[in-house]
Peer 1: 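Input: one structure, supplied below.
Start at 1 and go down the list; that is how both ligands and their atoms are numbered. Heavy-atom basis, side chains included; hydrogens, waters and symmetry copies ignored. Quick note: residue numbers are just sequence positions, from 1.
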Amino acid sequence: MTARPVVLETIADVRTAIAAQRAAGRSIALTPTLGALHDGHLAHVARAAELADVRVVSIFVNPTQFGQGEDLEKYPRDLDADLDLLGSHDVAYVFAPSVTEMYPSGPTATVVTAGRIGTLYEGAARPGHFDGVLTVVAKLLDIVTPDIVTFGQKDAQQLFLVRRMIDDLNIPVRVEIIDTVRESDGLALSSRNRYLDAKERRAARTLSIALEAAASSADRGLDATLAAAQAAFMGEPLVKLDYFKVVQPKTFIPVDDDYRGKAIAIVAATLGGTRLIDNEQLYLN
Ligand code: PAF
């Protein structure tokens, strides 16, 4: 059993704490989160513990990545529960800034834009979302200056865009990708799963069923892959499919019929008012 992390609320305090750790020769890993932590986040922290001396978790419900009518107000916030959970996982610091600490004059005039890929899939459903994500991630990387930052495979489009930003802007940090953690029926862990009622929760496993069906049909080509996924959604009226696409890992552009090789199937659907996303790597033949 280790102690609860030290909570730092200001950027100045983070810089002071990190400078002291650096002076002692220690390496730093950052796991950025929106809070409402679950076992998926703990997988990040566990991997970070293998890679760096000091673990920092940021907990910040970043308003600039939520659009009008989205769940910014109701997004679950329970810092105490989050600290309890991290208490047994040897995290040195939680950076939990206020909105005014991060955005003292309102949303920043300078924004990192996610470009065309940022307007597709999640970006089409949530305009401006990825600009908000990239801008806050750039700020967090600048504040914490980690050697390693963890991002989950679960948010595949976010991961793609963050890695490209880090590359494009020459940010000196290594991205460690953390596999998706799933419930026993395949549902990917997400802080938003707690919005689902019992019927929606049962229906939610359709996303991972569709992804598995797609992956096991991939050796028969793109049409068979998409048809297998489509079939999984038939007869599940609670799941409103937004998109199911197969994209190239290096560009995140949809593959065409002739494409052969590694690909990622990405899916988004809403159940009641809850939007869920998931993805699976596959190999098209
Ligand atoms: O994936 C998330 O939890 C958020 O988008 C992130 C990366 C913490 C930025 O607010």
Side-chain angles (χ1 to χ4, degrees), residues 5 8 11 14 29-45 47-48 55-67 70-79 81-82 85-86 91 93-99 101-103 107-108 111-114 117-118 121-123 125-144 146 148-166 169 171 173-181 188-195 252 266 268 274-279:
L8 305 171
I11 294 166
V14 175
L30 169 67
T31 296
T33 81
L34 297 172
L37 303 182
H38 50 64
D39 286 352
H41 298 107
L42 295 182
H44 287 240
V45 171
R47 181 66 183 134
R55 269 75 62 195
V56 183
V57 172
S58 64
I59 295 181
F60 179 58
V61 183
N62 172 40
T64 69
Q65 70 187 74
F66 288 76
E70 290 188 11
D71 56 347
L72 173 61
E73 272 78 36
K74 80 163 184 174
Y75 197 86
R77 294 165 173 85
D78 191 345
L79 185 59
D82 289 346
L85 200 61
L86 295 175
V91 171
Y93 306 108
V94 160
F95 176 41
S98 64
V99 172
E101 180 67 12
M102 290 297 276
Y103 301 110
T108 51
V111 170
V112 181
T113 58
I117 301 298
Y121 326 120
E122 282 312 284
R126 309 180 65 188
H129 168 68
F130 286 118
D131 290 1
V133 169
L134 293 189
T135 303
V136 81
V137 169
K139 282 166 76 73
L140 290 167
L141 291 175
D142 185 65
I143 293 164
V144 180
I148 289 168
V149 64
T150 64
F151 278 94
Q153 180 60 44
K154 151 92 175 19
D155 297 298
Q157 189 179 4
Q158 168 173 284
L159 173 65
F160 172 84
L161 292 169
V162 165
R163 289 171 88 189
R164 193 177 64 179
M165 172 186 76
I166 285 171
L169 301 185
I171 301 174
V173 67
R174 167 179 148 196
V175 177
E176 183 67 15
I177 302 169
I178 309 298
D179 286 345
T180 304
V181 180
L189 295 197
S190 161
S191 305
R192 289 191 167 98
N193 290 352
R194 63 186 75 186
Y195 298 152
F252 236 77
I266 56 173
T274 307
R275 185 180 178 79
L276 298 181
I277 60 171
D278 199 354
N279 68 88

Peer 1: When you measure from atom 2 (C) of ligand 1 to every protein heavy atom, which one gives the shortest distance, and what is it?
Peer 2: Gln158 NE2, 3.9 Å
Peer 1: Is it true that a side-chain atom of Glu101 and a backbone atom of Ile11 form a donor plus acceptor pair closer than 3.5 Å?
Peer 2: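 Present.
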Peer 1: Does only the side chain of Thr33 get under 4.0 Å from ligand 1, or the backbone, or both, or neither? Count heavy atoms.
Peer 2: backbone
Peer 1: Quick one: does any side-chain atom of Lys154 pair with a main-chain N or O of Ser190 as donor and acceptor, under 3.5 Å?
Peer 2: no
Peer 1: Under the criterion side chain to side chain contact (heavy atoms under 4.5 Å, CB included), which of Leu159, Ile266, Leu161 is the partner of Phe252?
Peer 2: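 Running side chain to side chain contact (heavy atoms under 4.5 Å, CB included) over Leu159, Ile266, Leu161 with Phe252 returns exactly one hit, Ile266.
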Peer 1: Should the pair Glu70-Arg275 be classified as a salt bridge under the 4.0 Å nitrogen-to-oxygen rule?
Peer 2: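 No.
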Peer 1: Just jot down the ligand 1 atoms closer than 4.0 angstrom to any heavy atom of Val136, in number order.
Peer 2: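 Result: 9 (C), 10 (O).
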Peer 1: Closer than 4.0 Å to some heavy atom of Pro32 - which atoms of ligand 1 meet that?
Peer 2: 8 (C)
Peer 1: Looking only at protein heavy atoms, which one is nearest to atom 10 (O) of ligand 1, and how far off is it?
Peer 2: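 Looking at atom 10 (O) of ligand 1, the protein heavy atom closest to it is Gln65 OE1, 2.6 Å.
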Peer 1: For the atom pair CD1 (Ile148) and CZ (Arg174), what is the distance rounded to the nearest 0.5 Å?
Peer 2: 4.5 Å
Peer 1: For ligand 1, which atoms sit closer than 4.0 Å to a heavy atom of Phe151?
Peer 2: 7 (C)
Peer 1: For Gln65, does its backbone N or O pair with a side-chain atom of His129 as donor and acceptor, under 3.5 Å?
Peer 2: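 Such a contact is found between His129 side chain and Gln65 backbone.
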Peer 1: Name the closest protein heavy atom to atom 3 (O) of ligand 1, giving the residue it belongs to and the distance to 0.1 Å.
Peer 2: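 Its nearest protein heavy-atom neighbour is Leu34 CG, 3.5 Å.
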